[in-house]
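First comes the structure, then the notes that go with it.
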Amino acid sequence: MFRVLLALLLPCAVLSRPVNDFQTPFTFEQPASLPVSNPTKSFWLDTPGANLLANEGSTGPLTEDADVCIIGSGMTGVSAAFHLAQAVKTINSKDSSLHLKAVVLEAREFCSGATGRNGGHLTPHSFFNYRSLERQWGKSEVIKSLELENRTTMAMVKIIEEYNLTDTVDLVSGGHLSLIGSTQEYASLTADYHAARQAGLDVGDVEWFSEAEVDSIYGASYPAVRFSAFNFWPSKFVTQLYLLANSSTPHFSLDLHTHTPVISIAPLPSSRWSLGTLRGSVHCTHVVHATNAYASHLLSQFSGRKGIIPTRGQMITLRSGTAINDSWRASWGGLDHHWFPRPLNGSDAGSPNNRPLVVLGGGREIGGPTNEQFQTDDSVLNAAVGEDLHAFLPNTFPRMFEEGEMPEMEWTGIMGYTETTDPFVGPVINDPPSNSDLNSQSGQYIAAGYNGHGMPRAYSCAEAVAGMVMAAVQGKAWTVPEWFPTHYLTRNRR
Ligand SMILES: Cc1cc2nc3c(=O)[nH]c(=O)nc-3n(C[C@H](O)[C@H](O)[C@H](O)COP(=O)(O)OP(=O)(O)OC[C@H]3O[C@@H](n4cnc5c(N)ncnc54)[C@H](O)[C@@H]3O)c2cc1C
Ligand SMILES: *[C@@H]1O[C@H](CO)[C@@H](O)[C@H](O)[C@H]1NC(C)=O
Ligand SMILES: *[C@@H]1O[C@H](CO)[C@@H](O)[C@H](O)[C@H]1NC(C)=O
Ligand SMILES: *[C@@H]1O[C@H](CO)[C@@H](O)[C@H](O)[C@H]1NC(C)=O
Ligand SMILES: *[C@@H]1O[C@H](CO)[C@@H](O)[C@H](O)[C@H]1NC(C)=O
Ligand SMILES: *[C@@H]1O[C@H](CO)[C@@H](O)[C@H](O)[C@H]1NC(C)=O
């Protein structure tokens with residue numbers, strides 16, 4: 001049914017107003033807007049020279065036909081392309097000559113959604129929220145979902161190391177330190193930790209610090225817990241992953257069209273799809289929705305609280321007032337914020353006396369009555385959240401940051417939240433479902449809704465979707481990989 005709706009309603013609804021005219025928050029059940037055309041400038045994308053593929057394929061002829069259309073060029077879309085390329089390579093190494101053509105369609109600059117506007121943390125959780133996740137999904141599922149975060153992180157780090165990209169993407173393996181704001185939170189975290197261990201999860205190296213220890217070593221008056229994690233330059237990683245996908249094998253061809261929003265999807269005869277853009281249409285057999293917060297624009301069944309809730313987050317970069325203490329070279333979280341110092345030799349170096357640039361986000365809870373939910377406009381800043389961000393580091397680390405120091409950059413980005421905090425992964429299911437949906441034959445797939453925690457999940461969720469597409473390409477049934485949590489699957493979520 002949604003196919004008809006999309007074909008009939010969407011093009012006129014979208015074309016009848018300018019693309020960036022979405023200043024008013026929409027009501028809860030309304031689909032998301034397209035990404036606005038004039039977003040705030042983010043450190044990751046707008047540092048000169050950072051976004052190599054920014055405007056790739058934005059002019060010239062549009063690809064007319066492909067096997068797979070991927071909508072969105074963030075971590076999810078590009079990981080899907082990368083895993084399709086890997087799959088084609090593997091299949092052909094077993095004496096076959098499959099050829100696959102994919103195209104990535106991106107509304108704005110390359111990677112300019114959440115992946116290019118985020119906090120830069122690659123923080124796999126191994127016990128956080130363990131008990132509530134277990135109550136909701138049961139032990140074996142929660143173990144899979146937490147192990148997926150470790151699996152994703154290790155796979156991404158392996159690619160970075162294998163292709164000598166550590167400096168290119170500024171990978172820092174400094175661990176993650178989480179400040180603990182209250183005794184209740186301390187009790188809850190330690191209970192999650194013990195429950196996870198009892199369930200047999202390998203929680204890795206975890207170290208607990210008292211308030212006095214944190215104060216003397218790090219300069220903040222809170223207890224903390226430290227575990228292994230990374231930070232990096234997400235859009236540079238995605239750029240490199242795109243280039244790897246593009247050069248994997250001559251049997252996989254990949255096109256990229258930036259500044260090309262998909263505004264409609266209509267069925268064609270013989271189970272194919274026509275994707276409408278302002279530059280013409282692209283025909284394809286399989287469609288991957290990697291549109292995250294914006295998913296409901298093309299798939300209205302993801303509107304509202306039970307779908308994917310676009311949620312605006314805000315970030316700043318702030319210079320520290322003092323030289324960095326080596327022990328501070330970690331990623332940090334807690335107190336409703338997340339931050340880390342950029343490497344001193346990174347492309348933003350050059351500050352006097354080794355004062356690092358700190359990337360900080362959070363404070364959404366004070367952003368107004370809806371906590372910045374149902375907002376898709378990342379062309380504006382929230383003033384209240386900004387005030388909170390400007391004051392946070394001087395308040396928390398009074399010996400390291402100067403009060404009143406203004407940020408070097410400040411920007412927003414749109415995350416995709418879900419009711420259960422789990423992403424939706426799998427064939428797109430109509431509302432109500434049809435038989436072909438339940439047989440996974442719809443030809444459209446989605447991986448989206450990472451609740452502000454996509455770096456340790458999106459890469460693997462897209463890998464699962466690429467597996468579904470490859471199964472369909474080969475006319476085989478898709479079987480759930482043993483590492484994949486089945487409660488992420490679209491068929492188990494409605
Ligand atoms: C401020 C902020 C801070 C965050 N911090 C962290 C963090 O530190 N660690 C972490 O793990 N996660 C963090 N996240 C979340 C993380 O960035 C996301 O989970 C992740 O980037 C999602 O990747 P994605 O590819 O699915 O979505 P996106 O990167 O948002 O990509 C979706 C793409 O689709 C494009 N698009 C949408 N609709 C259309 C259309 N109709 N046609 C064509 N293109 C379209 C968009 O322009 C966009 O480029 C943060 C997010 C934000 C916003
Ligand atoms: C992932 O798990 C392995 C094995 O349990 C462990 O050695 C490693 O430290 C974990 N990695 C992260 C980033 O947690
Ligand atoms: C890795 O990259 C660095 C530059 O970033 C270069 O100097 C070095 O030679 C590279 N090493 C290999 C093995 O490619
Ligand atoms: C800096 O780090 C060292 C450990 O590396 C620690 O002993 C020292 O107290 C720290 N100094 C601060 C917070 O000023
Ligand atoms: C992708 O690969 C093709 C074929 O090798 C090449 O012509 C093209 O320049 C590559 N694209 C990018 C962005 O590097
Ligand atoms: C930057 O410094 C880090 C450690 O501080 C090091 O691992 C990395 O190799 C350095 N990069 C360059 C380009 O020198």
Side-chain angles (χ1 to χ4, degrees), residues 14 32-36 39 42 52-53 56-57 70-80 104-126 147 149-154 157 173 175-176 201-205 227-231 234-235 238-239 242-243 245-247 250 253-265 275 277 289-295 297-298 311-315 331 333 338-340 359 361-362 364 376 378 411-416 423 446-459 461-462:
V14 171
S33 71
L34 283 171
V36 303
S42 99
L52 294 180
L53 301 174
E56 187 73 19
I70 298 170
I71 312 174
S73 66
M75 183 67 80
T76 300
V78 173
S79 171
V104 175
L105 299 162
E106 165 56 51
R108 308 193 290 204
E109 285 189 352
F110 180 74
C111 203
S112 59
T115 310
R117 325 181 64 78
N118 72 9
H121 295 250
L122 178 54
T123 304
H125 286 160
S126 64
E147 285 180 350
E149 300 198 15
N150 177 291
R151 173 190 194 275
T152 308
T153 305
M154 299 320 276
V157 168
S173 56
H176 187 94
L201 260 166
D202 179 356
V203 297
D205 291 334
F227 50 92
S228 72
F230 300 81
N231 61 69
S235 53
V238 171
T239 300
Y242 181 87
L243 296 175
N246 188 47
S247 60
S253 54
L254 186 58
D255 289 344
L256 168 62
H257 292 291
T258 61
H259 302 283
T260 308
V262 174
I263 54 179
S264 65
I265 303 184
L275 273 53
T277 81
H289 292 259
T291 48
N292 200 33
Y294 308 95
H297 186 78
L298 293 170
T311 303
R312 182 166 55 205
Q314 191 155 322
M315 302 290 315
S331 309
H338 51 91
W339 63 99
F340 72 88
V359 181
R364 186 165 63 77
T376 53
D378 57 7
W411 68 93
T412 47
I414 313 297
M415 306 176 274
I446 186 168
Y450 307 101
N451 294 264
H453 190 58
M455 294 301 98
R457 306 201 280 180
Y459 173 92
C461 291

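Numbering of ligands and ligand atoms starts at 1, following listing order. Not measured: the values here are computed from a predicted model.
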So which heavy atom in the protein is nearest [atom], and how far is it from that ligand atom?
atom: atom 29 (O) of ligand 1; value: Thr115 OG1, 2.5 Å
atom: atom 2 (C) of ligand 1; value: Asn118 CA, 3.6 Å
atom: atom 45 (C) of ligand 1; value: Ala107 CB, 3.8 Å
atom: atom 24 (P) of ligand 1; value: Thr76 OG1, 3.4 Å
atom: atom 19 (O) of ligand 1; value: Gly454 CA, 3.2 Å
atom: atom 13 (C) of ligand 1; value: Gly452 O, 3.2 Å
atom: atom 9 (N) of ligand 1; value: His121 O, 3.0 Å
atom: atom 51 (C) of ligand 1; value: Met415 CG, 3.3 Å

Per-residue contact class, [X] against ligand 1 - non-hydrogen pairs under 4.0 Å:
X: Pro35; answer: side chain
X: Val78; answer: neither
X: Ala293; answer: neither
X: Arg117; answer: backbone
X: Ile414; answer: backbone

Please could you name the atoms of ligand 1 that [X] approaches to less than 4.0 Å, counting only its heavy atoms?
X: Gly413; answer: 53 (C)
X: Pro261; answer: 42 (N), 43 (C)
X: Leu105; answer: 43 (C), 44 (N)
X: Gly120; answer: 8 (O)
X: Tyr294; answer: 37 (C), 38 (N)
X: Leu298; answer: 41 (N)
X: Met75; answer: 25 (O)
X: Gly313; answer: 1 (C)

Which residues pass the side-chain hydrogen bond (donor to acceptor under 3.5 Å, both in side chains) test with [X], not counting sequence neighbours?
X: Thr115; result: none
X: Thr291; result: none
X: Arg364; result: Tyr417

Measure the spacing between [atom1] of [X] and [atom2] of [Y] and express it to the nearest 0.5 Å.
X: Ile70; Y: Leu275; atom1: CD1; atom2: CG; result: 11.5 Å
X: Phe230; Y: Met154; atom1: CZ; atom2: CE; result: 5.5 Å
X: Met315; Y: Arg117; atom1: CE; atom2: CZ; result: 11.0 Å
X: Ile71; Y: Thr260; atom1: CD1; atom2: OG1; result: 12.0 Å
X: Thr123; Y: Phe227; atom1: OG1; atom2: CZ; result: 6.0 Å
X: Ser173; Y: Leu122; atom1: OG; atom2: CG; result: 11.0 Å

Would the distance check show the side chain of [X] and the main-chain N or O of [Y] forming a donor-acceptor pair, the cut-off being under 3.5 Å?
X: Asn292; Y: Ala290; value: no
X: His338; Y: Gly333; value: no
X: Ser42; Y: Gly116; value: yes
X: Glu106; Y: Ser73; value: yes
X: Thr153; Y: Arg151; value: no
X: Arg108; Y: Val36; value: yes
X: Glu149; Y: Pro456; value: no

N or O pair under 3.5 Å between [X] and ligand 1:
X: Ala114; value: yes
X: Thr260; value: no
X: Met455; value: yes
X: Gly119; value: yes

Identify, by atom number and element, the atoms of ligand 2 in contact range of Met154, meaning under 4.0 Å from any of its heavy atoms. 11 (N), 13 (C)
Just which atoms of ligand 2 are under 4.0 Å from any heavy atom in Asn150? 1 (C), 2 (O), 3 (C), 8 (C), 10 (C), 11 (N), 12 (C), 14 (O)
Nearest option to [atom], as decided by whichever heavy atom of [options] sits closest:
atom: atom 32 (C) of ligand 1; options: Ala290, Pro456, Gly113, Gly74; answer: Ala290
atom: atom 46 (C) of ligand 1; options: His257, Glu106, His453; answer: Glu106
atom: atom 42 (N) of ligand 1; options: Val262, Leu122, Val359; answer: Val262

Closest contact, heavy atoms only, Ala114 versus Ile414: CB-O, 3.5 Å
Work out which heavy atom in Trp411 is nearest to a heavy atom in Asn118; give both atom names and the distance. CZ2-O, 4.0 Å
Between Tyr450 and Thr76, is there a side-chain donor-acceptor contact under 3.5 Å, judged purely by atom types and distance? yes
Any nitrogen or oxygen of Asp202, side chain or backbone, less than 3.5 Å from one on ligand 2?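 Looking only at distances, the answer is yes, because the N/O contact criterion of under 3.5 Å is met.
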Among the heavy atoms of Ser228, does any lie under 4.0 Å from an atom of ligand 2? yes
Does Ala229 have a heavy atom less than 4.0 Å from any atom of ligand 2?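 It does not, in that no heavy atom of Ala229 comes within the 4.0 Å cut-off of ligand 2.
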Pick out the protein N or O atoms lying less than 3.5 Å from any N or O of ligand 5, and list each pair with its distance.
unit_1	atom_1	unit_2	atom_2	d
ligand 5	2 (O)	Asn246	OD1	3.1
ligand 5	2 (O)	Asn246	ND2	2.3
ligand 5	11 (N)	Asn246	ND2	2.8

Do Met455 and His121 make a side-chain contact, defined as non-hydrogen atoms from C-beta onward lying under 4.5 Å apart?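 No, their side chains stay 4.5 Å or more apart.
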Are Gly361 and ligand 1 in contact, using a heavy-atom cut-off of under 4.0 Å?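 False for this residue.
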May I ask whether Ala448 places a heavy atom under 4.0 Å from ligand 1?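 Not so, Ala448 does not reach ligand 1.
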Report the C-alpha separation of Leu34 and Ile263 in whole Å, then their side-chain angles, then the decisive distance to 0.1 Å, and conclude whether the side-chain contact (heavy atoms from CB on, under 4.5 Å) test is met. CA-CA 8 Å; Leu34 283 171; Ile263 54 179; 3.9 Å; yes
